[in-house]
Every structure is written in structure tokens, then in C-alpha cells.
Amino acid sequence: MTMDLFEQAPPAPWAEALCEGAVVLRRFAVATDAELLDGIERVAKQVPFRQMQTPGGHTMSVAMTCCGDWGWVTDRRGYRYQPQDPVSGEPWPAMPEVFNALAVDAAETAGYAGFEPDSCLINRYSPGAKMGLHQDKDEDDFDQPIVSVSLGVPATFQFGGLLRSERPQRVPLAHGDVVVWGGPARLRYHGVLTLKTSDHPLTGIYRYNLTFRRAW
Ligand code: SIN
Ligand code: FE2
């Protein structure tokens, strides 16, 4: 006996609320995955992925590059946004139009119409890389949401509360999933658990994450 009706995956994309102000748009970026990965490759040709230093002197396990008007950087002097790549002194690569369109569309779908991202941080996780719990709070204005796109190898996202002490939810994120948080959820702690060794047909061993913000 077969139960085809129940074995089929739900139609994509679909939304799952995390809390007031935060939602996962499942598979939202799958339709444009090839263009997004091509954009990552073009940005990384201009500004290669680098493992930056934290203010405390540790090397981050996640490698990063940026595009848009503002790039997020960290070194011994602290975390900040700046208009040039600190290594070359050149402006960051322009944000590919496919990036901007996806971010605006995802924000609107999540209830944040009028999102105008001016910064996209591109994170690359290899097996063993992780990101500790943190708040995104280096931006000038918290009225605009964060839009966070997962591509490639799956990961476990941690989504916590407004206090670091609050135990985070564990949210599995697959290729094409987009998390949007804003409003009352804008300053929630979040992070990514250690990436497991895996293989994705489009990205190999890597997981990429695009994080869109309005920095200024
Ligand atoms: C971040 O918080 O910057 C990254 C989140 C993620 O990789 O999913
Ligand atoms: Fe973050």
C-alpha cells in the first residue's frame, strides 16, 4: 500500500514562524540558487574570503567577504562597518541585483515591506566552522530587519532571546532557506552550531550564508 499523498514534500516555499517578528521562509532562495552562487563567486574574485580576527585576538572559523556600500569587518580595534575593504583600500564590490531582489522580496514576504539593504556579509563555513551566539547590533538603525540566506551544506541555526542566557531554539537550515528577523525580534541572539562534514551538489563541502542588513 502506498501513501503518496503523505510522502510528498510540502509545496515550496513555505513559512515557519520562530517567534513574533521572526520567520523561516523554507526554500525561498532555491529558485535563484545558481545566480546567487555565481554572485558569490564574482564578489570573492574581487575580495577573497578571509578569516578575520576578533577584537579578543581569536581567528574566526568562518571566512567572510562583503558587498554593497558597507562591509562588516572585525580586527583588534573592534567590530564595525566601513566603506572600503581594509586590505585593498578599495570600495566593496557592488551588491549583485539578484542579491538585492531576493532580500527585498524575502523581507516583504516576512512582513517587512520597504527593506533597503546597503550591506551584504557573505559567510563561508567549512566543516568544523561555527558562529557563537551574538546579536547583530553594529547597524545604525534597528527598524529594518536582518535577512539571512542559507546555501549549500545544511546547518543548525540557534535562535535565542534578547538575553544571552535564554536557551536558544535549534532550527535546522537547508539549502535555500531564508531567515528574517526584525521588529521585536531584531536584537535576538543567534548563532550557528559546528558545521558537520557533508557534500552538496552545488557547493561541495561548504555552507554559504548571505546576511543582508541596513547598516546606515
Ligand atoms: C550571522 O549571524 O552572521 C550568520 C548566520 C548564519 O550563518 O546563518
Ligand atoms: Fe548575526
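One hydrophobic cluster holds both Leu195 and Val62 under the rule that ILVMFWY side chains link at heavy-atom gaps under 4.5 Å. Under the 4.5 Å side-chain heavy-atom criterion for Ile, Leu, Val, Met, Phe, Trp and Tyr, Phe115 and Trp181 are members of distinct hydrophobic clusters. Linking ILVMFWY side-chain heavy atoms closer than 4.5 Å, directly or via other members, places Val30 and Trp14 in two distinct hydrophobic clusters. Criterion: ILVMFWY side-chain heavy atoms under 4.5 Å apart, direct or through other members. Under it, Met52 and Val47 are part of a common hydrophobic cluster.
Among Val73, Leu121, Val43, the single residue meeting the side-chain contact (heavy atoms from CB on, under 4.5 Å) criterion with Cys66 is Leu121. Residue His175 is tested with Val149, Leu202, Val153 for a side-chain contact (heavy atoms from CB on, under 4.5 Å); the sole match is Leu202.
Annotation: side chain of Thr74 is not in contact with side chain of Met64 (no heavy-atom distance under 4.5 Å). Between Val24 and Leu173, the closest side-chain pair of non-hydrogen atoms falls below 4.5 Å. Within the 4.5 Å cutoff, the side chain of Leu25 has heavy atoms near those of the Val23 side chain. For the pair Asp177/Val171, no side-chain contact is recorded, criterion being any heavy-atom separation below 4.5 Å from C-beta on. Looking at heavy atoms from C-beta onward, Ser150 lies out of side-chain contact with Phe157 at the 4.5 angstrom threshold. With contacts defined as side-chain heavy-atom distances shorter than 4.5 Å, the pair Arg188/Gln135 does not qualify. Side-chain contact between Arg213 and Trp70: absent, with no pair of heavy atoms (C-beta onward) separated by less than 4.5 Å. In this structure, Ile40 and Phe49 have side chains that are in contact, with non-hydrogen atoms separated by less than 4.5 Å.
Between the side chain of His190 and the main chain of Gly160, no donor-acceptor pair closer than 3.5 Å is present. Judged by distance alone, with hydrogens and angles left aside, the side-chain atoms of Thr32 form no donor-acceptor pair with the main-chain N or O of Glu35 at under 3.5 Å. Side-chain atoms of Tyr79 never come within 3.5 Å of backbone atoms of Asp138 as a donor-acceptor pair (strictly under, hydrogens ignored). Not one N or O on the side chain of Thr197 forms a donor-acceptor pair closer than 3.5 Å with the backbone of Pro127. A donor-acceptor pair is defined here as one N or O able to donate and one able to accept, closer than 3.5 Å; such a pair exists between the side chain of Ser61 and the backbone of Lys130. Put simply, the side chain of Tyr206 never gets that close to the backbone of Leu151: no donor and acceptor are under 3.5 Å apart. For Glu16 (side chain) and Arg26 (main-chain N/O), no donor-acceptor pair under 3.5 Å exists by modelled atom type.
In this structure, Thr65 OG1 and Trp72 CH2 are separated by 13.0 Å, a value rounded to the nearest 0.5 Å.
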Considering only distance and modelled atom types, tabulate donor-acceptor pairs under 3.5 Å from the side chains of residues 87-108, sequence neighbours left out.
from	atom 1	to	atom 2	distance (Å)
Ser88	OG	Asp85	OD2	3.1
Ser88	OG	Glu90	N	3.0
Trp92	NE1	Gln82	O	2.7

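Thr59 and Gln53 share a donor-acceptor pair across their side chains, judged by distance under 3.5 Å alone. Side-chain polar atoms of Tyr189 and Gln158 form no donor-acceptor pair below 3.5 angstrom.
A salt bridge links Arg80 with Asp75: the distance from a Lys NZ or Arg NE/NH1/NH2 to an Asp or Glu carboxylate oxygen falls below 4.0 Å.
Relative to the six-membered ring of Phe142, Arg186 misses at least one condition, a distance below 6.0 Å or an angle of at most 45° to the axis.
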Practice problem: Go through Val192 and Asn123 one step at a time and tell me if the side chain to side chain contact (heavy atoms under 4.5 Å, CB included) criterion holds. | Solution: CA-CA 11 Å; Val192 176; Asn123 294 311; over 6 Å; no
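A 6.0 Å sphere centred on NE2 of His58 holds no more than 12 heavy atoms belonging to other residues, nucleotides or ligands.
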